Protein chains: 2
Amino acid sequence: MNQSIPVNQVSSISKSSCQHCSLSNLCLPLALDSDDMNRLDEVVNRDRIFNRGEQVFTQSTPFRSCYAVKSGAIKTSVITESGDEQITGFFMPGELVGLDSMSDDTHASTAKALERTSVCEIPVEQLEQLAHTLPGMQHHMFHLMSQEIRNSHQLSVLLSKNTAEERIAALLLSLSTRFQRRKLSPTHFNLPMARNDIANFLGLAVETVSRVFTRFQNQGLIRARGRDIELVDLEALQTMAQGTAQT
Amino acid sequence: MNQSIPVNQVSSISKSSCQHCSLSNLCLPLALDSDDMNRLDEVVNRDRIFNRGEQVFTQSTPFRSCYAVKSGAIKTSVITESGDEQITGFFMPGELVGLDSMSDDTHASTAKALERTSVCEIPVEQLEQLAHTLPGMQHHMFHLMSQEIRNSHQLSVLLSKNTAEERIAALLLSLSTRFQRRKLSPTHFNLPMARNDIANFLGLAVETVSRVFTRFQNQGLIRARGRDIELVDLEALQTMAQGTAQT
DNA sequence: CGTGTGAGTTGATATGCATCAACCAGGGTC
DNA sequence: GACCCTGGTTGATGCATATCAACTCACACG
(Lines give C-alpha, C1' and ligand atoms only; values in the text may rest on other atoms or scores of the structure.)
Protein backbone atom coordinates (compact mmCIF):
# COMPACT_ATOMS: atom_id res chain seq x y z
CA MET A 1 0.00 0.00 0.00
CA ASN A 2 2.39 2.64 1.19
CA GLN A 3 5.72 2.65 2.93
CA SER A 4 4.32 3.74 6.26
CA ILE A 5 5.16 0.70 8.38
CA PRO A 6 8.26 2.12 9.87
CA VAL A 7 10.93 1.61 12.43
CA ASN A 8 8.82 0.93 15.45
CA GLN A 9 7.44 -2.32 14.18
CA VAL A 10 10.84 -3.66 13.36
CA SER A 11 12.22 -2.80 16.74
CA SER A 12 9.27 -4.12 18.68
CA ILE A 13 9.35 -7.59 17.21
CA SER A 14 13.08 -7.90 17.41
CA LYS A 15 13.00 -10.61 20.08
CA SER A 16 9.38 -11.58 19.96
CA SER A 17 8.90 -11.32 23.69
CA CYS A 18 7.33 -8.81 25.98
CA GLN A 19 10.68 -8.34 27.67
CA HIS A 20 12.27 -6.95 24.60
CA CYS A 21 9.27 -5.18 23.14
CA SER A 22 9.84 -1.48 22.74
CA LEU A 23 6.32 -0.89 24.03
CA SER A 24 6.79 -2.71 27.30
CA ASN A 25 6.62 0.51 29.24
CA LEU A 26 3.23 1.38 27.76
CA CYS A 27 1.56 -1.96 27.43
CA LEU A 28 0.63 -4.76 29.80
CA PRO A 29 4.20 -5.54 30.93
CA LEU A 30 4.14 -2.16 32.62
CA ALA A 31 2.56 -3.87 35.58
CA LEU A 32 5.00 -6.74 35.88
CA ASP A 33 8.50 -7.57 36.97
CA SER A 34 10.59 -9.67 34.63
CA ASP A 35 9.72 -12.96 36.31
CA ASP A 36 6.06 -12.39 35.84
CA MET A 37 6.59 -11.17 32.35
CA ASN A 38 7.61 -14.62 31.31
CA ARG A 39 4.22 -15.86 32.40
CA LEU A 40 2.63 -13.27 30.18
CA ASP A 41 4.93 -14.18 27.34
CA GLU A 42 3.75 -17.76 27.35
CA VAL A 43 0.20 -16.67 26.87
CA VAL A 44 0.52 -14.04 24.22
CA ASN A 45 -0.13 -14.91 20.64
CA ARG A 46 2.30 -12.61 18.91
CA ASP A 47 2.55 -11.08 15.48
CA ARG A 48 -0.88 -11.31 14.12
CA ILE A 49 -0.97 -9.02 11.12
CA PHE A 50 -3.99 -7.25 9.69
CA ASN A 51 -4.08 -5.24 6.51
CA ARG A 52 -5.85 -1.94 6.22
CA GLY A 53 -9.57 -2.43 6.49
CA GLU A 54 -9.41 -5.94 7.89
CA GLN A 55 -11.44 -6.71 10.96
CA VAL A 56 -9.65 -7.84 14.09
CA PHE A 57 -12.95 -8.86 15.63
CA THR A 58 -16.61 -8.28 14.94
CA GLN A 59 -19.52 -7.20 17.06
CA SER A 60 -21.60 -10.07 18.52
CA THR A 61 -19.14 -12.77 17.57
CA PRO A 62 -17.74 -14.86 20.44
CA PHE A 63 -15.35 -12.99 22.63
CA ARG A 64 -12.08 -14.84 23.11
CA SER A 65 -9.24 -12.37 23.27
CA CYS A 66 -8.06 -8.86 23.86
CA TYR A 67 -5.52 -7.35 21.51
CA ALA A 68 -2.55 -5.14 22.19
CA VAL A 69 -1.62 -2.93 19.28
CA LYS A 70 2.02 -3.32 18.37
CA SER A 71 2.26 -1.21 15.24
CA GLY A 72 -0.30 0.49 13.06
CA ALA A 73 -3.66 1.60 14.41
CA ILE A 74 -7.13 0.24 15.07
CA LYS A 75 -10.56 1.78 15.29
CA THR A 76 -13.39 0.28 17.30
CA SER A 77 -17.01 1.00 16.58
CA VAL A 78 -20.48 -0.07 17.52
CA ILE A 79 -23.14 -0.62 14.91
CA THR A 80 -26.66 0.38 15.86
CA GLU A 81 -29.74 -1.53 14.82
CA SER A 82 -30.52 1.23 12.41
CA GLY A 83 -27.29 0.33 10.73
CA ASP A 84 -25.04 3.27 11.30
CA GLU A 85 -21.63 3.12 12.82
CA GLN A 86 -20.32 5.05 15.78
CA ILE A 87 -16.58 4.91 16.22
CA THR A 88 -15.87 4.56 19.91
CA GLY A 89 -12.11 4.79 19.91
CA PHE A 90 -8.82 4.84 18.09
CA PHE A 91 -6.08 2.58 19.40
CA MET A 92 -2.41 3.20 18.90
CA PRO A 93 0.63 1.04 19.66
CA GLY A 94 0.81 0.04 23.30
CA GLU A 95 -2.95 0.31 23.79
CA LEU A 96 -5.28 -2.56 24.59
CA VAL A 97 -8.36 -3.22 22.48
CA GLY A 98 -11.44 -5.19 23.48
CA LEU A 99 -11.89 -4.22 27.12
CA ASP A 100 -15.50 -3.34 26.49
CA SER A 101 -16.27 -7.02 26.22
CA MET A 102 -14.28 -8.36 29.17
CA SER A 103 -16.11 -11.19 30.83
CA ASP A 104 -18.80 -11.14 28.25
CA ASP A 105 -19.45 -13.87 25.77
CA THR A 106 -19.71 -11.77 22.63
CA HIS A 107 -17.89 -8.73 21.37
CA ALA A 108 -19.64 -5.46 22.05
CA SER A 109 -17.93 -3.73 19.19
CA THR A 110 -16.04 -4.20 15.96
CA ALA A 111 -12.32 -3.53 15.59
CA LYS A 112 -10.84 -2.71 12.24
CA ALA A 113 -7.27 -2.01 11.21
CA LEU A 114 -6.81 1.54 9.93
CA GLU A 115 -3.51 0.66 8.30
CA ARG A 116 -1.31 -2.39 8.18
CA THR A 117 -1.29 -3.35 11.82
CA SER A 118 0.32 -5.97 13.99
CA VAL A 119 -1.18 -6.99 17.29
CA CYS A 120 -0.52 -9.32 20.17
CA GLU A 121 -3.50 -11.49 20.92
CA ILE A 122 -4.15 -12.25 24.57
CA PRO A 123 -6.78 -14.91 25.25
CA VAL A 124 -9.13 -13.63 27.95
CA GLU A 125 -9.33 -16.85 29.81
CA GLN A 126 -5.63 -16.78 30.41
CA LEU A 127 -5.63 -13.07 30.96
CA GLU A 128 -8.10 -13.52 33.77
CA GLN A 129 -6.06 -16.40 35.10
CA LEU A 130 -2.98 -14.24 35.00
CA ALA A 131 -4.77 -11.38 36.70
CA HIS A 132 -5.83 -13.77 39.38
CA THR A 133 -2.36 -15.03 40.14
CA LEU A 134 -0.51 -11.75 39.70
CA PRO A 135 -2.05 -8.97 41.82
CA GLY A 136 -0.12 -6.38 39.87
CA MET A 137 -1.78 -7.58 36.72
CA GLN A 138 -5.24 -7.42 38.21
CA HIS A 139 -4.59 -3.94 39.45
CA HIS A 140 -3.35 -2.91 36.04
CA MET A 141 -6.38 -4.36 34.31
CA PHE A 142 -8.68 -2.46 36.63
CA HIS A 143 -6.67 0.61 35.87
CA LEU A 144 -6.89 0.15 32.11
CA MET A 145 -10.59 -0.51 32.19
CA SER A 146 -11.38 2.47 34.37
CA GLN A 147 -9.27 4.56 32.04
CA GLU A 148 -11.36 3.30 29.18
CA ILE A 149 -14.47 4.42 31.03
CA ARG A 150 -12.98 7.85 31.60
CA ASN A 151 -12.00 8.14 27.96
CA SER A 152 -15.50 7.37 26.92
CA HIS A 153 -16.87 9.91 29.37
CA GLN A 154 -14.55 12.48 27.87
CA LEU A 155 -15.92 11.62 24.46
CA SER A 156 -19.42 12.19 25.78
CA VAL A 157 -18.40 15.58 27.07
CA LEU A 158 -16.92 16.42 23.70
CA LEU A 159 -20.02 15.31 21.88
CA SER A 160 -22.49 17.14 24.03
CA LYS A 161 -20.68 20.27 25.11
CA ASN A 162 -18.12 21.28 22.53
CA THR A 163 -18.14 22.92 19.14
CA ALA A 164 -16.72 21.34 16.03
CA GLU A 165 -13.49 23.29 16.40
CA GLU A 166 -13.07 22.30 20.04
CA ARG A 167 -13.67 18.65 19.28
CA ILE A 168 -11.10 18.56 16.53
CA ALA A 169 -8.55 20.46 18.55
CA ALA A 170 -9.06 17.97 21.37
CA LEU A 171 -8.58 15.01 19.06
CA LEU A 172 -5.41 16.42 17.58
CA LEU A 173 -4.02 17.03 21.05
CA SER A 174 -4.97 13.57 22.19
CA LEU A 175 -3.09 12.07 19.26
CA SER A 176 -0.20 14.39 19.95
CA THR A 177 0.25 13.21 23.53
CA ARG A 178 -0.06 9.62 22.46
CA PHE A 179 2.67 10.02 19.87
CA GLN A 180 4.80 11.75 22.44
CA ARG A 181 4.31 8.88 24.85
CA ARG A 182 5.93 6.69 22.23
CA LYS A 183 8.85 9.11 21.90
CA LEU A 184 7.66 10.31 18.55
CA SER A 185 7.18 13.90 17.56
CA PRO A 186 4.15 15.41 19.29
CA THR A 187 3.86 18.12 16.68
CA HIS A 188 4.37 16.33 13.39
CA PHE A 189 2.73 13.03 12.59
CA ASN A 190 0.57 11.10 10.20
CA LEU A 191 -3.10 10.70 10.98
CA PRO A 192 -3.85 7.00 10.95
CA MET A 193 -7.50 7.62 10.14
CA ALA A 194 -9.46 9.17 7.30
CA ARG A 195 -11.45 12.40 7.59
CA ASN A 196 -14.50 10.23 7.50
CA ASP A 197 -13.45 8.41 10.64
CA ILE A 198 -12.66 11.64 12.43
CA ALA A 199 -16.06 12.97 11.52
CA ASN A 200 -17.83 9.85 12.69
CA PHE A 201 -15.88 9.68 15.94
CA LEU A 202 -16.55 13.31 16.78
CA GLY A 203 -20.17 13.28 15.73
CA LEU A 204 -19.65 15.65 12.81
CA ALA A 205 -20.13 15.63 9.06
CA VAL A 206 -17.06 15.04 6.92
CA GLU A 207 -17.52 18.43 5.37
CA THR A 208 -17.37 20.10 8.74
CA VAL A 209 -14.13 18.33 9.58
CA SER A 210 -12.66 19.43 6.30
CA ARG A 211 -13.72 23.01 6.83
CA VAL A 212 -12.29 23.13 10.33
CA PHE A 213 -8.98 21.74 9.12
CA THR A 214 -8.66 24.46 6.51
CA ARG A 215 -9.79 27.09 9.00
CA PHE A 216 -7.11 25.92 11.43
CA GLN A 217 -4.63 26.02 8.62
CA ASN A 218 -5.56 29.56 7.66
CA GLN A 219 -5.27 30.64 11.27
CA GLY A 220 -1.80 29.20 11.40
CA LEU A 221 -2.67 26.62 14.03
CA ILE A 222 -1.78 23.60 11.99
CA ARG A 223 -0.23 22.64 8.70
CA ALA A 224 -2.07 19.83 6.96
CA ARG A 225 -1.33 18.03 3.73
CA GLY A 226 -3.78 15.17 3.65
CA ARG A 227 -3.00 12.96 6.58
CA ASP A 228 0.31 14.59 7.24
CA ILE A 229 -0.29 16.94 10.13
CA GLU A 230 1.89 19.50 11.78
CA LEU A 231 0.72 21.19 14.95
CA VAL A 232 2.13 24.67 14.63
CA ASP A 233 0.54 26.46 17.56
CA LEU A 234 0.10 23.95 20.36
CA GLU A 235 -0.81 26.62 22.89
CA ALA A 236 -3.63 27.94 20.80
CA LEU A 237 -4.95 24.45 20.22
CA GLN A 238 -4.83 23.77 23.92
CA THR A 239 -6.77 26.86 24.87
CA MET A 240 -9.24 26.03 22.14
CA ALA A 241 -9.72 22.57 23.59
CA GLN A 242 -9.83 23.97 27.12
CA GLY A 243 -11.93 21.94 29.41
CA THR A 244 -11.46 18.80 27.42
CA ALA A 245 -8.97 16.43 28.95
CA GLN A 246 -6.82 14.56 26.53
CA THR A 247 -6.19 10.88 26.86
CA MET B 1 -38.29 16.06 52.58
CA ASN B 2 -40.92 13.77 51.16
CA GLN B 3 -42.25 10.33 51.97
CA SER B 4 -40.61 8.72 48.98
CA ILE B 5 -38.23 6.32 50.70
CA PRO B 6 -40.37 3.29 50.36
CA VAL B 7 -40.52 -0.40 50.85
CA ASN B 8 -37.34 -1.41 49.11
CA GLN B 9 -35.04 0.33 51.54
CA VAL B 10 -36.72 -1.16 54.52
CA SER B 11 -36.59 -4.65 53.11
CA SER B 12 -32.99 -4.38 51.98
CA ILE B 13 -31.59 -3.38 55.34
CA SER B 14 -33.65 -5.86 57.26
CA LYS B 15 -30.66 -7.98 58.28
CA SER B 16 -27.82 -5.66 57.41
CA SER B 17 -25.93 -8.26 55.43
CA CYS B 18 -25.45 -8.98 51.77
CA GLN B 19 -27.03 -12.37 52.30
CA HIS B 20 -30.35 -10.92 53.22
CA CYS B 21 -30.29 -7.86 51.03
CA SER B 22 -33.12 -7.79 48.55
CA LEU B 23 -30.69 -6.58 45.91
CA SER B 24 -28.28 -9.48 46.23
CA ASN B 25 -29.28 -10.80 42.82
CA LEU B 26 -28.38 -7.51 41.14
CA CYS B 27 -25.42 -6.28 43.12
CA LEU B 28 -21.98 -7.65 43.92
CA PRO B 29 -23.20 -10.77 45.76
CA LEU B 30 -24.48 -11.97 42.40
CA ALA B 31 -21.01 -13.35 41.79
CA LEU B 32 -20.62 -15.18 45.05
CA ASP B 33 -21.80 -18.24 46.89
CA SER B 34 -22.90 -17.79 50.47
CA ASP B 35 -19.51 -18.67 51.96
CA ASP B 36 -17.79 -15.99 49.96
CA MET B 37 -20.54 -13.56 50.69
CA ASN B 38 -19.50 -13.49 54.30
CA ARG B 39 -16.10 -12.26 53.23
CA LEU B 40 -17.77 -9.46 51.37
CA ASP B 41 -20.00 -8.72 54.31
CA GLU B 42 -17.03 -8.11 56.55
CA VAL B 43 -15.70 -5.49 54.21
CA VAL B 44 -18.79 -3.51 53.38
CA ASN B 45 -19.53 -0.35 55.22
CA ARG B 46 -23.29 -0.43 55.29
CA ASP B 47 -26.03 2.13 55.58
CA ARG B 48 -24.40 5.33 54.71
CA ILE B 49 -27.17 7.81 54.08
CA PHE B 50 -27.05 10.86 51.84
CA ASN B 51 -29.74 13.46 51.52
CA ARG B 52 -30.83 14.89 48.22
CA GLY B 53 -28.08 16.97 46.74
CA GLU B 54 -25.34 15.68 49.01
CA GLN B 55 -22.13 14.50 47.40
CA VAL B 56 -21.08 10.91 47.85
CA PHE B 57 -17.65 11.73 46.48
CA THR B 58 -16.05 14.57 44.58
CA GLN B 59 -13.91 14.75 41.49
CA SER B 60 -10.15 14.79 42.16
CA THR B 61 -10.47 13.93 45.83
CA PRO B 62 -8.65 10.76 46.95
CA PHE B 63 -10.29 7.60 45.72
CA ARG B 64 -10.94 5.14 48.52
CA SER B 65 -14.19 3.34 47.87
CA CYS B 66 -16.84 2.26 45.44
CA TYR B 67 -20.46 2.56 46.42
CA ALA B 68 -23.37 0.25 45.80
CA VAL B 69 -26.70 2.01 45.71
CA LYS B 70 -29.17 0.44 48.08
CA SER B 71 -32.08 2.81 47.81
CA GLY B 72 -32.57 6.16 46.16
CA ALA B 73 -30.54 7.23 43.16
CA ILE B 74 -27.21 8.83 42.32
CA LYS B 75 -25.92 10.84 39.41
CA THR B 76 -22.27 10.97 38.43
CA SER B 77 -20.79 13.81 36.46
CA VAL B 78 -17.50 15.20 35.28
CA ILE B 79 -16.73 18.88 35.52
CA THR B 80 -14.70 20.35 32.68
CA GLU B 81 -12.07 23.00 33.14
CA SER B 82 -14.43 25.46 31.56
CA GLY B 83 -16.68 24.74 34.49
CA ASP B 84 -19.66 23.00 33.03
CA GLU B 85 -20.98 19.69 34.15
CA GLN B 86 -21.61 16.61 32.06
CA ILE B 87 -23.66 13.95 33.75
CA THR B 88 -22.14 10.60 32.85
CA GLY B 89 -24.63 8.27 34.44
CA PHE B 90 -27.59 7.66 36.70
CA PHE B 91 -27.27 4.86 39.22
CA MET B 92 -30.19 3.00 40.68
CA PRO B 93 -30.37 0.44 43.50
CA GLY B 94 -28.15 -2.56 42.86
CA GLU B 95 -25.74 -0.59 40.69
CA LEU B 96 -22.13 0.14 41.51
CA VAL B 97 -20.79 3.70 41.43
CA GLY B 98 -17.17 4.75 41.12
CA LEU B 99 -15.77 2.21 38.68
CA ASP B 100 -14.36 4.98 36.53
CA SER B 101 -11.72 5.56 39.17
CA MET B 102 -10.73 1.97 39.95
CA SER B 103 -7.03 1.71 40.62
CA ASP B 104 -6.62 5.41 40.36
CA ASP B 105 -5.70 7.67 43.21
CA THR B 106 -8.32 10.34 42.71
CA HIS B 107 -11.94 10.31 41.70
CA ALA B 108 -12.56 10.98 38.03
CA SER B 109 -16.06 12.20 38.65
CA THR B 110 -18.46 13.52 41.23
CA ALA B 111 -21.37 11.54 42.61
CA LYS B 112 -24.39 13.26 44.03
CA ALA B 113 -27.55 11.87 45.58
CA LEU B 114 -30.65 12.69 43.55
CA GLU B 115 -32.93 11.90 46.45
CA ARG B 116 -32.45 10.54 49.94
CA THR B 117 -30.16 7.64 49.21
CA SER B 118 -28.53 4.86 51.13
CA VAL B 119 -25.39 3.17 49.88
CA CYS B 120 -22.99 0.43 50.85
CA GLU B 121 -19.43 1.63 50.85
CA ILE B 122 -16.83 -0.84 49.64
CA PRO B 123 -13.20 0.19 50.22
CA VAL B 124 -11.27 -0.44 47.01
CA GLU B 125 -8.25 -1.86 48.68
CA GLN B 126 -10.32 -4.62 50.14
CA LEU B 127 -12.37 -4.95 47.01
CA GLU B 128 -9.21 -5.61 45.06
CA GLN B 129 -8.08 -8.01 47.72
CA LEU B 130 -11.39 -9.80 47.54
CA ALA B 131 -11.26 -9.93 43.77
CA HIS B 132 -7.84 -11.43 44.03
CA THR B 133 -8.85 -14.22 46.36
CA LEU B 134 -12.25 -14.94 44.84
CA PRO B 135 -12.02 -15.54 41.09
CA GLY B 136 -15.75 -15.15 40.75
CA MET B 137 -15.45 -11.69 42.19
CA GLN B 138 -12.69 -10.69 39.81
CA HIS B 139 -14.69 -11.96 36.90
CA HIS B 140 -17.70 -10.03 38.07
CA MET B 141 -15.72 -6.84 38.47
CA PHE B 142 -14.38 -7.16 34.95
CA HIS B 143 -17.90 -7.73 33.82
CA LEU B 144 -19.25 -4.67 35.59
CA MET B 145 -16.49 -2.45 34.32
CA SER B 146 -16.83 -3.58 30.73
CA GLN B 147 -20.54 -3.00 31.04
CA GLU B 148 -19.79 0.50 32.20
CA ILE B 149 -17.68 1.02 29.10
CA ARG B 150 -20.47 -0.23 26.89
CA ASN B 151 -22.98 2.01 28.61
CA SER B 152 -20.79 4.97 27.98
CA HIS B 153 -20.37 3.98 24.34
CA GLN B 154 -24.12 3.80 24.03
CA LEU B 155 -24.33 7.28 25.45
CA SER B 156 -21.87 8.45 22.80
CA VAL B 157 -24.05 6.93 20.12
CA LEU B 158 -27.09 8.69 21.51
CA LEU B 159 -25.28 11.99 21.67
CA SER B 160 -23.85 11.90 18.19
CA LYS B 161 -26.43 10.03 16.15
CA ASN B 162 -29.86 10.49 17.63
CA THR B 163 -32.46 13.23 17.72
CA ALA B 164 -33.83 14.71 20.90
CA GLU B 165 -36.89 12.47 20.73
CA GLU B 166 -34.84 9.34 20.24
CA ARG B 167 -32.55 10.19 23.12
CA ILE B 168 -35.40 10.74 25.51
CA ALA B 169 -37.22 7.62 24.40
CA ALA B 170 -34.03 5.65 24.97
CA LEU B 171 -33.57 7.07 28.45
CA LEU B 172 -37.15 6.30 29.43
CA LEU B 173 -36.75 2.73 28.20
CA SER B 174 -33.48 2.33 30.00
CA LEU B 175 -35.10 3.41 33.24
CA SER B 176 -38.02 1.15 32.51
CA THR B 177 -35.90 -1.98 32.20
CA ARG B 178 -33.97 -1.06 35.31
CA PHE B 179 -37.14 -0.71 37.32
CA GLN B 180 -38.35 -3.98 35.92
CA ARG B 181 -35.13 -5.67 36.98
CA ARG B 182 -36.02 -4.70 40.52
CA LYS B 183 -39.50 -6.18 40.14
CA LEU B 184 -41.07 -2.77 39.99
CA SER B 185 -43.45 -1.57 37.35
CA PRO B 186 -41.69 -1.00 34.02
CA THR B 187 -44.42 1.30 32.83
CA HIS B 188 -45.19 3.49 35.79
CA PHE B 189 -42.49 5.04 37.94
CA ASN B 190 -41.08 8.19 39.42
CA LEU B 191 -38.18 9.84 37.68
CA PRO B 192 -35.42 10.21 40.24
CA MET B 193 -33.90 13.15 38.38
CA ALA B 194 -34.98 16.64 37.38
CA ARG B 195 -35.60 17.72 33.79
CA ASN B 196 -32.39 19.64 34.09
CA ASP B 197 -30.42 16.47 34.74
CA ILE B 198 -32.08 14.67 31.87
CA ALA B 199 -31.20 17.54 29.57
CA ASN B 200 -27.61 17.63 30.71
CA PHE B 201 -27.18 13.88 30.45
CA LEU B 202 -28.62 13.74 26.95
CA GLY B 203 -26.85 16.82 25.68
CA LEU B 204 -30.01 18.86 25.26
CA ALA B 205 -31.48 22.08 26.59
CA VAL B 206 -34.06 21.83 29.37
CA GLU B 207 -36.58 23.46 27.13
CA THR B 208 -36.13 20.77 24.53
CA VAL B 209 -36.67 18.03 27.07
CA SER B 210 -39.80 19.73 28.25
CA ARG B 211 -41.10 20.10 24.72
CA VAL B 212 -40.44 16.46 23.87
CA PHE B 213 -42.22 15.32 27.01
CA THR B 214 -45.34 17.25 26.09
CA ARG B 215 -45.08 16.09 22.49
CA PHE B 216 -44.89 12.47 23.66
CA GLN B 217 -47.84 13.12 25.88
CA ASN B 218 -49.90 14.56 23.06
CA GLN B 219 -49.03 11.59 20.88
CA GLY B 220 -50.25 9.28 23.60
CA LEU B 221 -46.86 7.69 24.14
CA ILE B 222 -46.53 8.65 27.77
CA ARG B 223 -48.44 10.23 30.57
CA ALA B 224 -46.39 12.64 32.62
CA ARG B 225 -47.25 14.64 35.69
CA GLY B 226 -44.00 16.13 36.83
CA ARG B 227 -41.71 13.28 37.75
CA ASP B 228 -44.49 10.78 37.75
CA ILE B 229 -44.20 8.95 34.45
CA GLU B 230 -46.37 6.39 32.81
CA LEU B 231 -45.20 4.71 29.63
CA VAL B 232 -48.39 4.19 27.69
CA ASP B 233 -47.11 2.93 24.35
CA LEU B 234 -43.95 0.94 24.99
CA GLU B 235 -43.82 -0.38 21.43
CA ALA B 236 -43.85 3.05 19.92
CA LEU B 237 -41.15 4.22 22.27
CA GLN B 238 -39.05 1.23 21.36
CA THR B 239 -39.29 1.79 17.63
CA MET B 240 -38.55 5.42 18.24
CA ALA B 241 -35.41 4.50 20.15
CA GLN B 242 -34.55 1.84 17.58
CA GLY B 243 -30.89 1.27 17.25
CA THR B 244 -30.15 2.41 20.74
CA ALA B 245 -29.51 -0.41 23.15
CA GLN B 246 -30.86 0.10 26.62
CA THR B 247 -28.84 -0.66 29.69
C1' DC C 1 -2.96 7.09 -21.51
C1' DG C 2 -7.69 7.50 -20.73
C1' DT C 3 -10.95 6.05 -17.32
C1' DG C 4 -12.88 5.07 -13.05
C1' DT C 5 -13.14 5.42 -8.07
C1' DG C 6 -12.71 7.15 -3.49
C1' DA C 7 -11.08 10.79 -0.49
C1' DG C 8 -11.01 15.43 0.28
C1' DT C 9 -12.47 20.19 -0.39
C1' DT C 10 -15.63 24.12 -1.17
C1' DG C 11 -20.07 26.51 -1.75
C1' DA C 12 -25.32 27.19 -1.11
C1' DT C 13 -29.20 26.01 1.44
C1' DA C 14 -31.95 23.82 5.10
C1' DT C 15 -33.02 22.50 9.81
C1' DG C 16 -32.98 20.86 14.62
C1' DC C 17 -32.12 22.56 18.52
C1' DA C 18 -30.15 26.31 21.56
C1' DT C 19 -31.05 30.58 23.23
C1' DC C 20 -33.69 34.33 24.99
C1' DA C 21 -37.72 35.68 27.23
C1' DA C 22 -41.94 35.36 29.50
C1' DC C 23 -44.94 32.92 32.24
C1' DC C 24 -46.88 29.41 35.56
C1' DA C 25 -47.36 26.29 39.56
C1' DG C 26 -46.03 24.42 43.94
C1' DG C 27 -44.10 24.80 48.27
C1' DG C 28 -41.50 26.84 51.86
C1' DT C 29 -41.07 31.10 54.76
C1' DC C 30 -42.28 35.12 57.21
C1' DG D 1 -52.14 35.58 52.90
C1' DA D 2 -48.18 37.80 50.41
C1' DC D 3 -43.74 36.64 49.23
C1' DC D 4 -40.16 34.44 46.82
C1' DC D 5 -37.70 30.80 44.72
C1' DT D 6 -37.04 26.79 42.12
C1' DG D 7 -38.55 23.69 38.52
C1' DG D 8 -41.15 23.33 34.64
C1' DT D 9 -43.58 24.84 30.42
C1' DT D 10 -44.40 27.50 26.10
C1' DG D 11 -43.40 30.79 22.32
C1' DA D 12 -40.21 33.54 18.98
C1' DT D 13 -35.79 33.88 16.94
C1' DG D 14 -30.97 32.70 15.64
C1' DC D 15 -27.15 29.87 14.75
C1' DA D 16 -24.01 25.94 14.20
C1' DT D 17 -23.79 22.35 11.67
C1' DA D 18 -26.06 18.90 8.48
C1' DT D 19 -27.24 18.21 3.93
C1' DC D 20 -27.03 18.52 -0.99
C1' DA D 21 -24.29 19.29 -4.90
C1' DA D 22 -20.38 20.15 -7.61
C1' DC D 23 -15.56 19.94 -8.26
C1' DT D 24 -10.52 18.48 -7.66
C1' DC D 25 -6.91 15.44 -6.97
C1' DA D 26 -4.44 11.18 -6.57
C1' DC D 27 -3.99 6.90 -7.56
C1' DA D 28 -5.23 2.17 -9.49
C1' DC D 29 -6.28 -0.32 -13.45
C1' DG D 30 -7.02 -2.01 -18.00
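Proteins get letters first, then strands, A, B, ... in listed order; numbering begins at 1 in each. The basis for the numbers below is simple: all heavy atoms, side chains too, and nothing from hydrogens, waters or symmetry mates. Not measured: the values here are computed from a predicted model.
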T88(B) vs T76(B), test: side chain to side chain donor-acceptor pair (under 3.5 Å). Steps then yes/no. CA-CA 6 Å; T88(B) 51; T76(B) 55; 2.9 Å; yes
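- Summarising the geometry, the separation between CZ on R225(B) and C1' on dG26(C) is reported as 16 Å, rounded to the nearest angstrom.
- Rounded to an integer number of Å, the gap from CG of D228(B) to C1' of dG7(D) is 16 Å.
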Side-chain atoms of residues 198-209 of chain B: list all donor-acceptor pairs with protein atoms under 3.5 Å, sequence neighbours left out, distances to 0.1 Å.
residue	atom	partner	partner atom	Å
N200(B)	OD1	I87(B)	N	2.7
N200(B)	ND2	E85(B)	O	2.8

Contacts under 3.5 Å, N or O only, protein and nucleotides 6-11 of chain C:
residue	atom	partner	partner atom	Å
dG8(C)	OP2	R195(A)	N	3.2
dT9(C)	OP1	R195(A)	NH2	3.4
dT9(C)	OP2	R195(A)	NE	2.9
dT9(C)	OP2	S210(A)	OG	2.9
dT9(C)	O5'	S210(A)	OG	2.9
dT10(C)	OP2	T214(A)	OG1	3.3
dG11(C)	N7	R211(A)	NH1	2.8
dG11(C)	O6	R211(A)	NH2	3.3

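- If you measure from atom CG of L204(B) to atom P of dT19(C), you get 11 Å, rounded to the nearest angstrom.
- Rounded to whole Å, the distance from CZ on R167(A) to C1' on dT17(D) is 9 Å.
- Following rounding to the nearest Å, L159(B) (CG) and dG16(C) (P) show an atom-to-atom distance of 19 Å.
- The closest donor-acceptor contact from the side chain of T163(A) to the backbone of E166(A) lies under 3.5 Å.
- Taking S160(A) as the reference, Q86(B) meet the side chain to side chain donor-acceptor pair (under 3.5 Å) condition, with sequence neighbours excluded.
- Within the 4.0 angstrom heavy-atom criterion, only backbone atoms of the sugar-phosphate kind lie near A164(B); the bases stay farther away.
- Look at CG on L202(B): it is 14 Å from C1' on dC17(C), rounded to the nearest Å.
- In this structure, CG of N218(B) is placed 12 Å from P of dT9(D), rounded to the nearest angstrom.
- Between F57(A) and F63(A), the ring centre distance reaches or exceeds 6.0 Å.
- Ring pair F189(B)/F179(B) is parallel by interplanar angle, where below 30° counts as parallel and above 60° as perpendicular.
- In this entry the distance linking CG of D84(A) with C1' of dT19(D) reads 16 Å, nearest Å.
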